[in-house]
*Asks:* 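To start, I am sharing the structure in question, which I have written as structure tokens.
Lettering of chains follows the sequences in order, A, B, ..., and the numbering in each one begins at 1.
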Amino acid sequence: MSELSKIYQAENYEDALYQAWEKSGAFKPGKKGKAFSIVLPPPNVTGKLHIGHAAMLAYQDVMVRYHRLQGDKTLWLPGMDHAAIATQNVVEKELKKAGHSRYDLGRPRFLNKVEAFAEDSKKVIRGQIKKMGSSLDWSRERFTLDESSSLAVKTAFKKMYDDGLIYRGERVVNWCPRCQSTLADDEVEHREEQSKLYYIKYGHVTVATTRPETKLGDTGVAVNPKDERYKKLVGEKLVADLMGNFLVLKVFADREVDMTFGTGAIGVTPAHSQTDYQWALKNDLSFIKVINEEGKMTEAAGQYQGLTVKECREKLVADLQKAGKIEKIEEYTNNLSVCYRCGTTIEPLTSKQWFVAVDKKIPGRGKTLKQLAIEAVKKGGIKIIPDRFNKTYFQWMDNLRDWCISRQIWYGHRIPVWYNQDKIFVGLTAPTGEGWIQDEDTLDTWFSSSLWTFSTLGWPKKTPDLKTFHPTSVMETGYDILFFWVARMILMSTYLIKEVPFKTVYLHGLVRDKEGRKMSKSLGNGIDPLDMIAKFGADALRLSLLVGATPGNDARLYEEKIAGYRNFVNKLWNISRYILSKSQETNHKKQKISKSQITKLETLADKWILGELDKIIASTAKNIEEFKFSAAGEELYEFTWSKLADWYLEVAKIEGGKDQILLSILEKLLILWHPFCPFVTEAIWSEMGKKTLLMIERWPKVLVKKQAASHDFELIQQAVTAIRNIRSERQISPKEILDCSIKTSVKAVKDNLSLLAGLAGLKIAASVKGITVNSTKVEITLAVQANAELDKKRAAEAMQLRQYIEVQQRKLKNQVFVSRAPKEVILKEKEKLKQAQEKLQKLS
RNA sequence: GGACAAUUAGCUCAGCUGGUUAGAGCGUUGCAUUCACAUUGCAAAGGUCGCUGGUUCGAAUCCAGCAUUGUCCACCA
């Protein structure tokens with residue numbers, strides 16, 4: 001066995017270990033055990049991974065490695081998302097730098113470019129995922145645009161079309177003029193913006209608007225039915241002249257009109273507003289489209305044709321002002337709609353698009369898609385962690401409207417619909433015959449990702465994987481895509497395969513910077529996971545992301561925190577180094593020492609540490625199964641550093657002959673830590689000379705030892721700490737041997753304390769005068785000089801104790817307390833009182 | 001406008017379904033140096049758990065209200 005370095009050098013081990021894992025085939029699910037599966041939320045192929053991805057990988061790898069150690073048939077399936085608009089944007093931006101547009105290249109050549117970019121991106125991302133130590137089954141890697149995903153998409157589309165759940169219609173949609181595409185409602189973000197509210201005269205009625213240019217498309221005026229000012233106008237037709245554009249406006253009443261806003265009368269623009277569109281349908285208004293897909297004014301805008309929206313607004317307002325048609329202009333804070341991908345202002349406009357009907361009854365099921373998705377969570381098929389997101393989910397589902405799924409971009413799944421004059425064909429492949437032309441549009445990227453849990457397992461084919469691993473066990477993802485993705489997966493899965501896509505949804509929070517700000521390129525406060533791995537090692541990064549992060553809550557990350565866990569990883573390394581070096585020494589002397597001497601087990605300290613080990617084996621498993629990764633990590637950390645290293649190893653140095661017990665503890669400890677920090681644990685495992693991999697070991701069994709030893713060992717700890725305290729405050733060197741006397745009812749304490757005395761520098765003496773240190777059953781008197789200042793401190797301590805005793809006595813005399821509190825609580829309180837009294841007695 | 005969360009030591013956060021004299025890490029202070037580890041060890045200081053009421057024998061924990069911060073949703077033109 002080679003000598004281990006003083007400090008764990010992560011970079012010397014990580015890549016080789018990953019290769020060894022991958023080569024061993026252990027990332028693939030085994031043949032036995034119950035199934036445990038997670039499908040990786042596919043990262044977008046837009047470039048590289050950020051720290052949020054690193055966090056996601058850490059959480060999932062903990063679960064996956066844990067279940068593998070439990071002997072489950074464990075699958076973690078990797079894949080990536082083509083992220084239609086996002087990816088196309090990146091490539092278009094690059095083209096633009098060279099002065100080109102996608103139209104210069106044409107569809108096929110442009111798509112080749114995007115595909116090449118996506119392939120490069122995938123390579124980079126794969127590398128990053130591996131750097132994190134993620135134990136994914138790469139033999140099953142998938143892509144949302146690969147062949148079988150395409151088949152799944154087309155199959156789903158056709159079925160929904162045949163069931164009447166997908167339809168084509170002319171409706172107001174969210175249009176991004178920059179992306180040249182529609183967006184779903186939830187892909188629109190809202191930003192507060194300082195703008196102006198213009199009061200425009202429509203003859204004798206004045207309407208208020210933030211968007212004067214759309215007024216050119218007004219065909220109605222809405223008022224509240226209760227509004228006395230306008231009552232007599234309802235049903236009338238107004239004619240307004242907007243700089244030569246004559247508007248014919250039907251006045252109608254609707255309860256949703258806010259009488260207190262503006263003038264109480266609203267100009268209605270059916271072609272450029274969702275609300276107005278609904279009103280127009282109800283009140284039979286006509287549609288005038290004044291803004292086109294480029295964000296420019298149409299022919300219907302008369303003299304303003306060809307101007308951009310902004311230009312038109314400025315010119316029209318100036319013209320109207322000159323003509324005396326503007327009553328006033330007020331400052332106003334507006335909620336601006338912008339594209340979530342590029343931030344461009346959304347133009348709502350009417351357009352012919354494909355939609356998924358969420359409120360239509362599914363033939364043969366008697367329920368709507370929306371109802372299916374709500375039931376899946378309500379009836380307990382799916383558990384969301386933390387559960388407060390149930391409410392958010394239901395609220396969103398209740399408000400869900402038909403989902404616009406067609407996008408006017410090139411990169412993505414082409415809509416499987418063909419047209420021939422007025423004939424239409426929907427199918428998996430092009431129809432035969434002359435004159436069929438496929439729809440130019442592609443599908444919303446979320447359409448393909450909504451099938452992800454089962455399309456990755458082979459659907460629509462009935463594969464063994466689909467049978468074994470679906471529904472998946474856990475969906476681990478960020479709460480920010482609960483709607484985009486999680487909700488849509490539930491919708492599609494319950495409809496298409498009559499199964500929930502996953503049993504548990506674990507939602508993690510965002511990773512923020514030290515000040516709690518969102519990490520972003522513009523702020524430059526992002527932390528690159530690869531930099532951190534290079535600096536501190538992947539294990540340290542994983543731990544810093546795992547510990548301190550609770551589900552659904554954002555967590556902060558900064559270098560000092562990662563450095564702290566790097567220190568811990570090194571501590572684990574050195575604990576192992578010590579244990580291994582000791583056992584090596586003994587091996588050399590093996591012939592001289594009898595077996596009974598080597599395994600001098602079962603001292604008080606042995607019993608204590610083995611009891612603690614049992615506890616931590618059980619609690620770590622429980623914590624991981626309950627998704628409390630942070631708590632699991634914290635408790636293990638405490639066991640490893642504060643109990644094993646700080647106490648047991650020190651005792652072991654004194655008592656000696658603990659090679660077997662130490663090695664056995666180390667083996668178990670490495671298994672417990674493996675899900676959290678797989679690299680260092682596997683590295684140590686191999687340094688121990690193990691021939692098989694740690695990652696395929698089995699989770700240790702709890703031995704159910706009698707744990708009475710715990711308490712007695714804690715007495716020793718208390719006494720030792722008290723002695724050190726005295727040394728520290730009186731500045732007595734640890735080397736100075738102190739005379740003392742020990743009184744205790746527990747014999748083991750006396751024995752062990754004499755061993756530990758070497759630590760504390762104690763000398764046993766029959767009777768000594770000096771300062772008394774005590775815990776419940778131990779009393780130690782140290783021969784040290786009195787010190788006025790410190791005696792004062794002891795007096796203050798005594799004072800505090802007396803107060804506490806008084807409180808406890810009052811509590812125990814209180815009849816109401818004694819009669820109502822449970823017995824255990826009363827006993828506990830009595831014990832506390834007794835301890836305080838004893839302590840006080842010895843102090844004075 | 002609605003909903004949700006957070007508010008605990010200088011900083012970052014634990015604290016499960018009420019029973020602690022409220023914990024950890026970092027930071028701070030003092031001490032220790034050829035010991036597995038200075039990426040270390042030992043010890044200490046530091047909090048009336050946002051505010052006000054209520055329920056209870058007992059509240060950081062449950063309830064109500066308020067304040068501050070943050071997030072999400074919503075068609076207020």
*Asks:* Using a heavy-atom cut-off of 4.0 Å across all strands, would you classify A/T550 as base, sugar-phosphate, or nothing?
*Replies:* sugar-phosphate
*Asks:* In terms of side-chain heavy atoms of A/I7, which of B/rA74, B/rU39, B/rA36 is nearest?
*Replies:* B/rU39
*Asks:* Suppose you measure atom P in B/rC26 against the same atom in B/rC73; what distance do you get, rounded to whole Å?
*Replies:* 38 Å
*Asks:* Under 4.0 Å between any heavy atoms, over every strand shown, what does A/D258 touch: base, sugar-phosphate, or nothing? Just pick one.
*Replies:* base
*Asks:* Once you apply the 3.5 Å cut-off to both distances, tell me the Watson-Crick or G-U wobble partner of B/rA77, or none.
*Replies:* none
*Asks:* Is a salt bridge present between A/R313 and A/E213, judged by a nitrogen-to-oxygen distance below 4.0 Å?
*Replies:* yes
*Asks:* What's the closest nucleotide to the side chain of A/K832 if the choices are B/rA3, B/rU20, B/rC35?
*Replies:* B/rU20
*Asks:* I want to verify a distance call: between B/rA77, B/rC16, B/rA36, whose nearest atom is closest to the A/N334 side chain?
*Replies:* B/rA77
*Asks:* Nearest to the A/N574 side chain among B/rG30, B/rA36, B/rA77, which nucleotide is it?
*Replies:* B/rA36
*Asks:* Could you tell me whether the side chains of A/E189 and A/Y340 share a donor-acceptor contact shorter than 3.5 Å?
*Replies:* no
*Asks:* Can you tell me the base-pairing partner of B/rC26? Count Watson-Crick or G-U wobble geometry only, both distances below 3.5 Å, and say none if there is no partner.
*Replies:* B/rG10
*Asks:* Name the nucleic acid region contacted by A/A645, choosing base, sugar-phosphate or nothing; use a 4.0 angstrom heavy-atom cut-off, strictly under.
*Replies:* base
*Asks:* Give a yes or no on whether a donor-acceptor pair under 3.5 Å exists between the nucleobase atoms of B/rA24, that is its base, and the side chain of A/E635.
*Replies:* no
*Asks:* Quick one: does A/R566 reach the base of B/rU39 with a side-chain donor-acceptor pair under 3.5 Å?
*Replies:* yes
*Asks:* Watson-Crick or G-U wobble partner for B/rA60, using a 3.5 Å limit on both distances?
*Replies:* none
*Asks:* Could you tell me which nucleotide pairs with B/rG65 by Watson-Crick or G-U wobble geometry, both distances under 3.5 Å, or answer none if nothing does?
*Replies:* B/rC51
*Asks:* Can a donor-acceptor pair be found between the side chains of A/N553 and A/T550 at a distance below 3.5 Å?
*Replies:* yes
*Asks:* Categorize A/Y558 for me: base, sugar-phosphate, or nothing, with a 4.0 angstrom heavy-atom threshold over every strand shown.
*Replies:* sugar-phosphate
*Asks:* Does any nucleotide pair with B/rC4 by Watson-Crick or G-U wobble geometry, both distances under 3.5 Å, and what is it?
*Replies:* B/rG70
*Asks:* Please work out if A/Q815 contacts a base, only the sugar-phosphate, or nothing of the nucleic acid, heavy-atom cut-off 4.0 Å.
*Replies:* nothing
*Asks:* Mind listing the N/O atom pairs, protein and nucleotides 41-43 of chain B, below 3.5 Å?
*Replies:*
| from | atom 1 | to | atom 2 | distance (Å) |
| --- | --- | --- | --- | --- |
| B/rG41 | OP1 | A/K571 | NZ | 3.1 |
| B/rG41 | OP1 | A/W641 | NE1 | 2.2 |
| B/rC42 | O3' | A/R724 | NH1 | 3.2 |
| B/rA43 | O2' | A/S728 | OG | 3.3 |

*Asks:* Less than 4.0 angstrom from a charged side-chain N to a carboxylate O is my criterion; do A/E193 and A/R191 meet it?
*Replies:* no
*Asks:* Would you indicate which nucleotide in B/rG30, B/rA14, B/rC75 comes nearest to any side-chain atom of A/E634?
*Replies:* B/rA14
*Asks:* With a 3.5 angstrom cut-off on both distances, give the Watson-Crick or G-U wobble partner of B/rU34, or none if there isn't one.
*Replies:* none
*Asks:* What's A/Y332 touching, base or sugar-phosphate or nothing? Going by heavy atoms closer than 4.0 Å.
*Replies:* sugar-phosphate
*Asks:* Looking at B/rG19, B/rA14, B/rC72, which one has an atom nearest to any side-chain atom of A/N553?
*Replies:* B/rA14
*Asks:* Go through B/rU21, B/rC73, B/rG25 for me and flag the one nearest to the A/A836 side chain.
*Replies:* B/rU21
*Asks:* May I ask you to verify if any side-chain N or O of A/K391 is less than 4.0 angstrom from the OP1 or OP2 atom of B/rA3?
*Replies:* no
*Asks:* Closest nucleotide of RNA chain B for A/N570 versus for A/A821: which of these residues is on the 5' side?
*Replies:* A/A821
